[in-house]
Amino acid sequence: MTIFKSIWSIFSTLSLIDVLDISILSFIIYKFVKIIRETRASQLAKGIVFLLVAYLFCDFMHLKTMEFLLSVILNNGFIAILIMFQPELRRTLEKVGRTSVSKISFLSDRSPERISKWRLAINEICEVCESFSATATGALIVIEQKTRLGEELETGTVMKSIPSVQLFENIFYPKAPLHDGAAIIRDGMVLAAGCFLPKPQREQFINKNLGSRHRAAIGMSENSDAIVVVVSEETGIISVAHNGELTRNYTSKSLNKLLSDLIIPDEIEKENQKNLPFLSDLERIVHEQKLFKRKK
């Protein structure tokens, strides 16, 4: 009965401000756990929790030596954590920034014109990747999302072109000057080509059989929320790097579904089925050419 009375005394003294305070804190903790769960920072969080539990246990058991050592580690370990896990913490903070104000519906661009551009770009990427896969032509295509890739753009050649199979074939033609770099797509347009991408943070853990394009793709996806499509020059396998993870063996159909799910949410796509009138003249010509080819 004493336990129930204690619990009741706590709830009886709660005010509306207390409930609001607890709710906000619970929401922040939930979002933080959700963000770090899919990153290497989750291992860091588990380690910190383990040290806290060990410290409380030593305090309860009056293990003075262990308690002193753990208190020193916890008091002075914050700076060490910042240094050792800087890449993971930076990516986590970037993820927090991307999932805040930018997701408010009235601030995001959900216009039919934008959806049309992305639908056209996705179709062209999937079609050219299927062609590259058949001929084992290497390709590296970066799809920019919320994180701006200004530093990578400065290393390449600015184009600002409407995506098409012919354009990608010219960029990644083996003897073309831009074929070794990456093509970066922003807002459904090929913004630049021949761009250099950052190296992965932990290159030693990557499969030795993966080449420089795959490593660059992983590095880019670790440093941003970009989606990176890779076609292997050796095997013709289509791969996608996202959030630091590389998945392989895509077909044109499965790649189209993945990119559509990541870039164009289903509810937006359903609302914009009749988006062809919003295309520019050149985009409409490309779209009609694709329809004509498929009918043939």
Side-chain angles (χ1 to χ4, degrees), residues 1-104 145-147 198-208 210 214-215 217-226 241-248 262:
M1 293 295 294
T2 307
I3 297 176
F4 288 111
K5 287 182 180 179
S6 300
I7 296 173
W8 173 251
S9 65
I10 294 172
F11 280 100
S12 62
T13 56
L14 283 176
S15 64
L16 183 61
I17 298 298
D18 295 325
V19 174
L20 180 62
D21 189 22
I22 294 171
S23 300
I24 293 174
L25 179 61
S26 301
F27 178 76
I28 292 173
I29 294 174
Y30 166 75
K31 295 298 289 185
F32 178 76
V33 172
K34 187 177 179 182
I35 287 172
I36 71 170
R37 185 176 56 187
E38 298 176 356
T39 66
R40 294 187 184 96
S42 61
Q43 303 301 319
L44 170 63
K46 291 177 183 177
I48 294 174
V49 171
F50 175 78
L51 290 176
L52 288 173
V53 172
Y55 175 79
L56 294 174
F57 175 78
C58 293
D59 183 51
F60 177 77
M61 297 298 293
H62 302 290
L63 303 175
K64 298 300 182 181
T65 304
M66 288 299 300
E67 182 183 351
F68 171 75
L69 290 174
L70 288 172
S71 65
V72 171
I73 292 173
L74 291 172
N75 289 333
N76 302 301
F78 183 72
I79 296 177
I81 288 171
L82 290 178
I83 296 172
M84 290 167 41
F85 294 93
Q86 181 267 336
E88 286 79 6
L89 292 173
R90 181 170 60 82
R91 286 197 299 272
T92 301
L93 290 175
E94 285 179 353
K95 217 166 188 179
V96 172
R98 293 195 298 265
T99 56
S100 55
V101 181
S102 57
K103 283 198 172 181
I104 300 176
Q145 297 200 87
K146 292 184 177 65
T147 302
K199 292 183 178 180
Q201 299 292 339
R202 287 178 170 81
E203 196 167 2
Q204 65 271 24
F205 297 116
I206 299 176
N207 191 326
K208 302 294 184 182
L210 296 177
H214 295 85
R215 294 172 184 273
I218 295 172
M220 186 75 266
S221 67
E222 284 180 341
N223 287 275
S224 70
D225 61 341
H242 185 52
N243 287 333
E245 299 292 333
L246 185 74
T247 51
R248 311 192 70 192
L262 291 174

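The two residues Ile218 and Gly244 have their closest heavy-atom pair at CG2-O, 3.9 Å. Here the closest heavy-atom approach between residue Ala217 and residue Ala241 is recorded as O-CB, 3.5 Å.
When the side chain to side chain donor-acceptor pair (under 3.5 Å) test is applied to Ser71, no partner is found at least two apart in sequence or on another chain. His242 is linked by a side-chain contact (heavy atoms from CB on, under 4.5 Å) to Gln145, Ile227, Leu262, counting only residues two or more places apart in sequence or in another chain. By the side-chain contact (heavy atoms from CB on, under 4.5 Å) test, Val19 is found to be paired with Ser23, residues two or more places apart in sequence or in another chain being considered. Remark: Ile24 engages Leu20, Ile28 in a side-chain contact (heavy atoms from CB on, under 4.5 Å) (not counting sequence neighbours).
Remark: the backbone N or O of Leu210 is paired with a side-chain donor or acceptor of Arg215 at under 3.5 angstrom.
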Side-chain donor-acceptor distances from residues 47-65 under 3.5 Å, at least two apart:
none

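With rounding to the nearest 0.5 angstrom, the CG atom of Asn243 is 10.5 Å from the CD atom of Glu222.
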